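This structure is a prediction, so every number in the text was calculated from the model and none was measured. Side-chain atoms are counted along with the backbone in the values below, which use heavy atoms only and exclude waters and symmetry mates.
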Amino acid sequence: MLEKEKLEKEIMIAKEIQQKLLPINIPDIKGLEIQTGMITYHQVGGDYYDILPINKNKTLIIIADVSGKGIPASLIMSAVQSSVKTLILKGVYDLEKIAYTLNKLLITITESNKFVALSLILIDKNSNKIEYLNAGHTAPLLFSGGKIKKLKEGGPVIGLLDFASYKKHKTEFRKGDFIFMYTDGISEAKNLNGEEIGEEGIIKLIHEGKNQQDLSTYFKKKLFEITNQVFEDDITYIYVKKV
């Protein structure tokens, strides 16, 4: 019992440390409306997200999902987080260089069955375009002018293939457009009939809540209703609108 209590305390400490690695407050970035949400399946999880202002014009947004769950996944997540922050501090915010560096790092420190699905988006407020790179992650959804574009191009998951290559892409991102990024814990969550929500279910919820003042709160509330708060994986989402 004493050993169990000790382990539980250590897990709680790990949870506190992990929470501090995530954005405590979403940066107030003029021209962008950003909302986020995260629920971990265990005390600690393998999902990661961040909003990183590069300078007064550019902002890097990242969402990642480590294979597996619990403490092993959280340790890999911490390595990804610290590596991204280090690259940014060194002035590296080219999406291809970030993906390439992370891949080389994880190849050296993880087993062959451990990898990270990752999506990067670089927003320049002075431009009506964004750069994006999707490395095996669920494709972020760009809602623009009544149409939906899946930002799925980029390369394979991080940490699996030593020879992997990554390519960034550009697309339009104008005033009124918004992006919804999410981990597969949401799309694979099941409704009361045992059916996965899927991408179509997510799009339906977004369309229903896009005129709400707080889309994040609405989305989370409806997600809880649909699933009865039963999840089988970590869930994370980011909503970014150009205003």
Side-chain angles (χ1 to χ4, degrees), residues 22-23 26-27 29 31-39 46-54 58-66 77 80-81 84 93-96 98-99 102 115-125 127-158 166-189 196-207 209-210 215-216 219-220 223 233-243:
L22 300 169
I26 301 302
I29 302 172
L32 296 177
E33 178 188 342
I34 303 175
Q35 300 173 22
T36 65
M38 172 183 271
I39 300 171
D47 280 6
Y48 162 58
Y49 75 93
D50 219 335
I51 293 93
L52 301 167
I54 305 299
K58 294 185 177 182
T59 302
L60 176 66
I61 299 176
I62 177 172
I63 190 169
D65 183 2
V66 180
M77 184 279 278
V80 171
Q81 189 269 353
V84 170
Y93 51 87
D94 178 82
L95 304 188
E96 293 174 0
I98 292 174
L102 289 176
F115 56 86
V116 177
L118 177 79
S119 193
L120 301 163
I121 294 179
L122 184 64
I123 300 174
D124 186 342
K125 293 190 298 182
S127 170
N128 285 324
K129 293 185 180 294
I130 58 170
E131 292 182 355
Y132 69 92
L133 188 155
N134 192 58
H137 200 274
T138 50
L141 303 171
L142 169 60
F143 293 76
S144 176
K147 296 181 179 180
I148 302 173
K149 178 180 176 67
K150 299 177 184 179
L151 308 181
K152 59 185 179 181
E153 300 88 1
V157 293
I158 302 290
Y166 299 91
K167 184 176 178 59
K168 62 187 176 184
H169 296 261
K170 291 185 178 182
T171 191
E172 292 189 349
F173 188 54
R174 299 179 179 277
K175 188 174 181 179
D177 293 351
F178 65 90
I179 299 167
F180 192 80
M181 308 169 75
Y182 63 97
T183 55
D184 61 10
I186 298 179
S187 55
E188 293 176 0
E196 290 189 354
I197 293 174
E199 185 182 79
E200 291 185 4
I202 291 172
I203 292 172
K204 181 174 182 290
L205 286 180
I206 293 170
H207 277 309
K210 65 182 179 181
L215 175 66
S216 176
F219 184 85
K220 187 175 180 180
L223 192 62
D233 198 356
D234 306 320
I235 67 170
T236 304
Y237 59 87
I238 306 173
Y239 166 83
V240 186
K241 183 177 182 179
K242 190 167 186 179
V243 296

- Message: For the residue pair T183 / D65, report whether a side-chain donor-acceptor contact shorter than 3.5 Å exists.
- Response: no
- Message: Show me the pairs that pass side chain to side chain donor-acceptor pair (under 3.5 Å) and involve residues 133-143, at least two apart or across chains.
- Response: S119-N134
- Could you list the residues that satisfy side chain to side chain contact (heavy atoms under 4.5 Å, CB included) with A135, not counting sequence neighbours? L118, L133, I158, Y166
- K241 meets the side-chain hydrogen bond (donor to acceptor under 3.5 Å, both in side chains) criterion, sequence neighbours left out, with none
- Query: Who passes salt bridge (Lys or Arg N to Asp or Glu O under 4.0 Å) against D124, sequence neighbours left out?
  - Reply: none
- Listed by chain and number, what are the side-chain hydrogen bond (donor to acceptor under 3.5 Å, both in side chains) partners of K125, not counting sequence neighbours? none
- Task: Measure the shortest side-chain to side-chain distance between I61 and I123 over non-hydrogen atoms and say whether it is less than 4.5 angstrom.
- Result: yes
- Residues pairing under salt bridge (Lys or Arg N to Asp or Glu O under 4.0 Å) where one sits in residues 171-185, two or more places apart or in two chains, turn out to be E172-R174
- Query: Listed by chain and number, what are the side chain to side chain contact (heavy atoms under 4.5 Å, CB included) partners of E196, not counting sequence neighbours?
  - Reply: E188, K190
- By ring-ring contact (aromatic ring centres under 6.0 Å, His included), which residues pair with F219, not counting sequence neighbours? F180, Y237
- Message: Per the side chain to side chain donor-acceptor pair (under 3.5 Å) rule, what does the pair list look like for residues 145-155, sequence neighbours excluded?
- Response: Y132-E153, K150-E199
- Item | Which residues share a ring-ring contact (aromatic ring centres under 6.0 Å, His included) with Y239, sequence neighbours left out | F178
- Results of side-chain hydrogen bond (donor to acceptor under 3.5 Å, both in side chains) for K220 - residues two or more places apart only: none
- Can you sort out the partners of Y93 under side-chain hydrogen bond (donor to acceptor under 3.5 Å, both in side chains), two or more places apart, ordered by chain and number? none
